[in-house]
Every structure is written in structure tokens, then in C-alpha cells.
Amino acid sequence: MNQFSTVIDRYFSRQRCPRLNFNTFHNHHHRFGSIQRSYLQPTSYASILQEVKELIKPLQQVHANIVTSGLSQNIFLSNRLTNSYASCGLLDDADQIFHRIPCKNVVSWTILISGYVKNSLFVEAIDVFRAMVLISGLQPNAITISSILPAFGNVGLIQIGKSVHSFWIRHGFGTNVFVETAMVGMYSKFGCISVARQLFDNMSERNTVSWNAIISGYSDHGFGEEVFRLFSLMRRDGFSTDCFTIMSLISAALSIEGSRVGVEIHSFAIKTGFNNDQLVRTALMNIYVNEKCIEDAYLIFNEMVVKDVVAWTLMLTGFSSGQYWNKAIEHFNEMMRLEELELDSVALTGILSSCCSLGALQEGRRVHTLTVKTGFSHDMFVGSAIIDMYANCANLEEARIFFQEMEEKDVACWNAMIAGNGMNGYGNDAIDLFLRMKGSGINPDESTLVCILCACSHTGMVDQGLHIFNHMVESWNIVPNSRHYACVVDLLGRAGRLSDAYSLVNSMPLNPEFEVYCALLSACKVHGNIELGIEISEKLFQLEPNDAGYYALLSNMYALAGNWEGVKMTRVSLRSKGLKKDPGFSSIEINGELYTFMAGQKDHPQYFEIDGLLNYMILKIKEVGYVPDTKFVLQELSDDMKRDILYHHSEKLAIAFGLGRTKPGTIIRITKNLRACNDCHSASKLISKVFERVLLVKDAKRFHVFQDGVCSCKDYWGVIQSSKILGLVCSGINLKVTRSGGEYKEVLGSLVGSLLYFIKVLSLQDQHCFSLS
DNA sequence: TTAGGGTTAG
């Protein structure tokens, strides 16, 4: 840095007083017949440019001086200028200078190509390369080839990549470690890892970069073990390790399931000094986020001097996957405020999916508006995240409007829309979309089939679901995987066809993964088959011994069977493994503000506000018959303590808070991360009656509407059945359903859809939901 | 008579 500033300083101090060297100045003036501010030779400009490289202002000034010196035709200087502008990311300027060069040479072309590649503008790089080959008549050399290959790799142009490869061989350029390394990188990106490996094995010369190329190839494709094997070979052969190597090791470690290596890799990075690298730090954050050590990730994030958009996005993912909901909201609000942070499609998708899991509709809408302003709403990833967000926030209408207005839709957008219809109860519409997909030129993929089967199961369309499942291969050429089986097991289970579900699992041609057993387990619950339930819980427990969720499941099954010894054992082994189950929380939106309550949270900023309300609420519902159902507190505690735990379930905290902030006759909308427990369920019914509120609770599985002391939607069912819905007027989160008789009834937007869905589900069997919270 | 190159994250 010091060298930079000295040279630049020297240059500009000369600029400020050109007359010091009057003779040179005079000579230039004489020669060019105009006032020359600079007396420098092209070679001096060249070295200044070298130093100036990524400093935009000085670069522009040097550029201006080169022009006024009449040196803009100098190909050497023009090439350097092109390179400097490209290094600053100013590709338009680089392109302009390039185009003004009268006799471009191979170097000029190569500089522009590599400039685009370095800025990830691969398509542009390929266009330039094409023009070079087809128009200029110049032949690319080894440097050109090594510059363009990554572009082919990133865009996935396998054919062109291969033909450049054969051009390289045909022309007998001989061995070149740069080109060969780039080839390894390109084939790895294509997913042709064995070709890449063969090329790598045949290299006559290798260096750290070539090793990194093959290692990152393996780590990109999830061959974690092979990465570590190659890494030890690399060290054995005496090659040094750098940041790139560390990055691959980190992603390899991440791909090896259940490996908790965060601390080891972190200390290795500190020992080797690589922890000062921005990318390594970010990758370390990623490990901690993945291991759910959010505090550790946050420590690294906090210490970062330069927090870039990747770090911010990763931290957001951390907060929301670690269920630090308030933190997540604070964090993404800050992200939206920071002007220097340029939000890109990944960041926006991340924010939207956090809104999704939070049920934060207002925030989600703001992000949607932002994506429209910034043009990212046309991005397919962002677009499908917007659809997902609206559908998950129970606002299917807005999802539909957005979907319809999209100019271009890829398979992920269709999938999101199909899933959205399914989860909101529009099974027929989901099927309709599914059938329309092909007509618009989009082929269903594996996920599409998951979405549609899921939609069928959620809306009780058993026959349609089975029909689709049975024709997957012949109609769409998709072989059912474990997730598809899980959907069908769920479909049969919800319909009460436990034995069909069970025999389907037993007849599976592949090993059932955990989601299949999960589906079978809930089928057992619906069917009341505790014995089989325990058997399956134990299987799940073996499959995912490190997931606290399955301990809860198993413990709940034991509790249902009255096996308290089993409950105790599960708890002990949960603690001995140092695992924590996901804490329960509920959030509620009041006047566009989202408030989140954790179960048992007495240090909540709003606790004083709700403490009195909570007691009053319990008192009032006790008057109309509420009896706390302590058998759902699966711990051996005194009855008083059990009751205290029940009263402080996050859902009750949120409801109490909502009661204090709303008037009778309003709708209170609550999102819960886990499933609502039976005690909260029966309390909610009474609350809706006593306090004259409509409670709409969306939990991990379904929507519940509590009104007038009942949790059913018969009233609404009646509204929908007996009236033609003449118009749906969007207003905030509410929709007005217009009855044919001219009478208005306000219901929640989600309701129309969710009604159909949960009438079917709830009428089958009152749900059994248990949670350890 | 200079200049241009390969492998990294959310």
C-alpha cells in the first residue's frame, strides 16, 4: 500500500507543477502544437498505470493525460488502460478503449476477455472470444485459452469447451500448466469430474493452483472424503496450501454429513494465518451457521472490518435457521437500510425466505417492492422466493398476481406456485397448473412431482395423487425417489389408509429415508397406532441421532403410550449428547410490526405488558370451563410447575399480547414454528369466545381458525358454499368475501384456501400435536 | 518491446 501511495503521490505532485521541468514541457508543446500538461514517456505512463490499477479517480486522470498527450493510439498504453478499467469493474470503459484501438493484437483481445471473466460476465467474455476468432482472424494463444475456459465452465457450454480443448490439442501447443489447470477447472464445473481427474493425473507439471482446481472440483460435487485424500497427497508432495485450498476443505467438511469440524478448521485457519482472508472468514461463518452455532458465526461477523453482502446474507440465514427471529428481523431491516450494501439476488432470496419462515408479510411486501425497484423481480430465484413468501404468509392471491404477471417463468416458479396452491388448499388449481406447465414449454422436474403430490395430500385428493404417482415414469420420465414416496405415504396416512401406507413403505425399491418414516409416523398418529408409532420413532431416531426433533418425537410416542420410563430415557440421552431441541416460538403481527415470543420467555421486552393480560386471560377462560391439560407437559414436575409451563407457551403469550393490542371483533393472526399443542388449541377456542376475537393460527403444519369457541370452519364453509364469491378485494392481509346477498363478511386472505383444506383434515381426526415446550 | 493467464463463499 505504501508503495502505491508513494508512486501516485510523486506522479500527482509532478502534475501540479509541470513547469518545474520547463524544457521538457516546452519541447512537448512545440512538437504537438498544443498545451501539454504532461511530459511523460509512454513507458512512464505504463508504470503509473500499473500502480494506479484499481484506483478509479487517479486512473481517470492518468487516462485524461494520456489522451491530451496524444498517446491514445499507443497500443501498449491502450491495452494497459483496458486492463485497468476492467480491474476496476468498469467494463463499459474498458470496452470503449478496446474498440478505439485501431490494430488490436492478441493481447488486447485477451485483456478484454479476461476482464469480463474476472467480473463474472461470462457471456460477454464468450462474445468477445467469438468475435476474436471469427472476425479478427487472430489465433488465440495459451493465455487467451486459459482466460476463456472458466467462462465455458461457468456457463456450462460443454460442446464449445470441448472443441476449444481439441483445438488446443490439435495445434500442439505442448504442455502449459495454466491451460491444463483451467481445463481441470472447466471440466469440474461441467460436472465431468472423472475427465478432470484424468487431465489432472496426466499433467506433467503441477502447482498449488492445479491441486486446488481438482480439489475444489471434488468438493463442489460433494466428494468430501476424496477432497481430504487429495489434500494429504498434495501435502505429501510438498505443495503449499493457500486460501483456495482451505475454502475447498471447508466446503468438503460441510458436505460430510454430521461432521462437526467448525472449531478444528477455525483453529487450523488461525494457525496458518488464513483466517484473515475475507472469503475464509465467510466460509468459517458458514460452518458455524451449518452447525447451528450462531453465536460463533456472529462473533466472526462482528469482527469483520469489511462486511460484504455475502457475510450479511449468511448471517441472516444463521439468525433465521437458528430461530433468532427478532435478530433476523433487525438484521434484514439493517440490510435494507445500508446504502453501501448492494443487495443481489442471493441476498434478496435469503431475506424473502426468512420472511417466509417468520410469516412476516409486511416485511416480505417491502422486500417485494424493493425487488421491483431494483429489477430483481425478474430474476427466477427471486421470483420463486416471492411466490413462496406470499403463499407461506397465507396470501395466495398476491402470489397468484405476481406469478401471472411474470414475463418469464422457470420450473422453480411453477413449482412454487403449485406448492403454494397446495398448502393453501387449492388442490384442483394445483393440478390445473401442473397440467398447464407442459403447454408453456416447461417440463416438470422431481420437485414438481413432490409439490403436486404434496398438494394432493394436503387437499385430500387421494385418487388424483395416486394416479399421478403411478404414472410418474411413463408420463414424465421421473423415477420416484424417497421424497415422492413420503408424499404418497402422507397422502394415504391422512386418508386413514394406514395399512396401504405401511405396505407401500415395505414395497419400496429403494431404502426409505427419514421423510418416509416421518410421514408413516404421522399416519400412525392419525390412525392411533401407538405400537407401530414407537417402532418407527425408534427407526427415525437411529437414522438421525443428532437431530433433537426426533428425540421429541420418540419421547412423545412413549408419552402417548404412557411409557414414562421411555420418556425419561430419551430425555437423558438428549442431554448426554448436548443437543437442544428447537425452541418454540410464536409471532404476531400488529399494525405491521412483528412481535415474537419464545416459550417461557419472561425476559421479553413486552413481558410486563402481557403478564397481567395473561393471568386475566387464563382466569376468564377458566370461568367458562378451561382446565389446563398438564398431561401434555412431558416432564416429571409438580402440577403447579406444569401449569406454569403451559401458561407460558409461546402461543398463549402471543395471544395475550394480541388481546391487549386489539379490539373485540378483530382477527388476530399468529404464526408458530412448531405445531400447536392440544392445550393451546382448547384454550384458543375459549379465548375466541370470551374475548370475541377470531384467532388465525398458522403452525408448522396447518392453519387453524378459532371463532365463537370452536375450531372449525363450518361458519366459513357455509359462507363459501352458500355464496358465490363475487369478488375478492385485497386489503392488507384481509380479503373481503362478497356474499351474493350483498352482505359482507371479512375473513383472512388465506382462509378461502385453507378452509377447504383443513375442513377435510380436521374432520378426519382431531389432531394430536405434542411438543416438549 | 513492454502488456494478457488457471483454482475460492452466501
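Throughout, a chain's letter reflects where its sequence line sits, starting with A, and its residues are numbered from 1. Worth knowing before you read on, the calculation uses all heavy atoms, side chains too, and leaves out hydrogens, waters and symmetry mates. Quantities reported herein were computed from a predicted structural model and do not represent experimental measurements.
A salt bridge links A:Glu226 to A:Arg197: one of the charged nitrogens lies within less than 4.0 Å of a carboxylate oxygen.
A:Tyr298 has its ring centre no less than 6.0 Å from the ring centre of A:His331. You'll find the ring centres of A:Phe129 and A:Trp109 outside the 6.0 Å limit.
In the region residues 152-160 of chain A, proximity to DNA chain B at under 4.0 angstrom, judged on heavy atoms, holds for none of the residues. Of the residues in residues 129-142 of chain A, those with a non-hydrogen atom less than 4.0 angstrom from any atom of DNA chain B are A:Asn141, A:Ala142.
The side chain of A:Val107 has B:dA3 as its nearest neighbour among B:dA3, B:dG6, B:dT7. Across B:dT8, B:dG4, B:dA9, the shortest atom-to-atom separation from the side chain of A:Val310 is found for B:dA9. The side chain of A:Val346 has B:dG10 as its nearest neighbour among B:dT7, B:dG10, B:dA3. In this structure, of B:dT8, B:dG10, B:dA3, it is B:dA3 that holds the atom nearest to the side chain of A:Asn105. Ranking B:dG10, B:dT7, B:dA3 by closeness to the A:Pro150 side chain, first place goes to B:dT7. Checking B:dG5, B:dT8, B:dG4 against the side-chain heavy atoms of A:Val179 singles out B:dG5 as nearest.
Here A:Leu279 lies in heavy-atom contact (under 4.0 Å) with a base. Contacts of A:Lys118 with the nucleic acid, taken as non-hydrogen atoms under 4.0 Å apart, involve only primed sugar atoms and P, OP1 or OP2. The residue A:Asn286 sits close only to the backbone: its heavy atoms come under 4.0 Å of sugar-phosphate atoms, none of a base. Using a 4.0 Å heavy-atom cutoff across all strands shown, A:Val106 reaches at least one base atom of the nucleic acid. Residue A:Val184 is classed as having no contact, given no heavy-atom separation below 4.0 Å to the nucleic acid. Nucleic acid contact for A:Val117: none, since no nucleic acid atom lies under 4.0 Å from a heavy atom of the residue. Among the atoms of the strands shown, none is found under 4.0 Å from any heavy atom of A:Thr245. Residue contacts for A:Val177: at a heavy-atom cut-off of 4.0 Å it reaches a base atom on one of the strands shown. Counting any heavy atom pair closer than 4.0 Å across all strands shown, A:Leu314 reaches sugar-phosphate atoms only and no base atom.
Counting only N and O atoms by type, the side chains of A:Asn79 and A:Thr82 include no donor and acceptor under 3.5 Å apart. Looking at A:His165 and A:Tyr187, their side chains do bring a donor and an acceptor atom within 3.5 Å of each other. For the residue pair A:Thr110 and A:Ser147, no side-chain donor N or O sits within less than 3.5 Å of a side-chain acceptor on the partner.
On a pure distance criterion of 3.5 Å, a polar donor-acceptor pair joins the side chain of A:Asn207 and the base of B:dG6. On a pure distance criterion of 3.5 Å, no polar donor-acceptor pair joins the side chain of A:Asn176 and the base of B:dG6. Between the side chain of A:Asp344 and the base of B:dG10, at least one donor-acceptor pair of N or O atoms lies under 3.5 Å. Contact annotation: side chain of A:Ser147 to base of B:dG5, donor-acceptor pair absent below 3.5 Å. Side-chain N/O atoms of A:Ser146 and base N/O atoms of B:dG6 include no donor-acceptor pair closer than 3.5 Å.
One atom, CE of A:Met304, and another, P of B:dG10, lie 13 Å apart when rounded to the nearest Å. The nearest whole Å value for the distance from the CG atom in A:Asn276 to the C1' atom in B:dA9 is 17 Å. Whole-Å rounding puts the A:Tyr85 OH to B:dA3 C1' distance at 17 Å. What separates CG of A:Asn79 from P of B:dG4 is a distance of 9 Å, to the nearest Å. Computed from coordinates, the A:Phe231 CZ to B:dT7 P distance equals 20 Å when rounded to whole Å. To the nearest angstrom, C1' of B:dG4 lies 11 Å from CZ of A:Phe76. In this structure, the CG atom of A:Leu71 is 16 Å from the C1' atom of B:dA3, given to the nearest Å.
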Can you give me every donor-acceptor pair (side chain of residues 310-319 of chain A, partner residue at least two apart or in another chain, under 3.5 Å) with its distance?
unit_1   : atom_1 : unit_2   : atom_2 : d
A:Thr313 : OG1    : A:Val309 : O      : 2.6
A:Thr317 : OG1    : A:Thr313 : O      : 2.8

For residues 342-351 of chain A, run the donor-acceptor check on the side chains, cut-off 3.5 Å, and write out each pair with its distance to 0.1 Å, sequence neighbours left out.
unit_1   : atom_1 : unit_2   : atom_2 : d
A:Asp344 : OD1    : A:Val346 : N      : 3.3
A:Asp344 : OD1    : A:Ala347 : N      : 3.0
A:Thr349 : OG1    : A:Ser345 : O      : 2.5

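A ring-ring contact (aromatic ring centres under 6.0 Å, His included) with A:Trp211 is found for one member of A:Phe244, A:Phe200, A:Phe231 and no other, namely A:Phe200.
Contact check, A:Thr317 against B:dG10: no side-chain N or O comes under 4.0 Å of OP1 or OP2.
Applying the 5.5 angstrom centroid cut-off and the 30 degree plane-angle cut-off, the aromatic ring of A:Phe178 is stacked upon the base of B:dG5.
Ring geometry for A:Phe402 versus A:His368: interplanar angle over 60°, hence perpendicular rather than tilted (30 to 60°).
Annotation: salt bridge (charged side-chain N to carboxylate O under 4.0 Å, His left out) contacts of A:Arg235 (sequence neighbours excluded): none. With sequence neighbours left out, A:Arg130 forms a salt bridge (charged side-chain N to carboxylate O under 4.0 Å, His left out) with A:Asp127.
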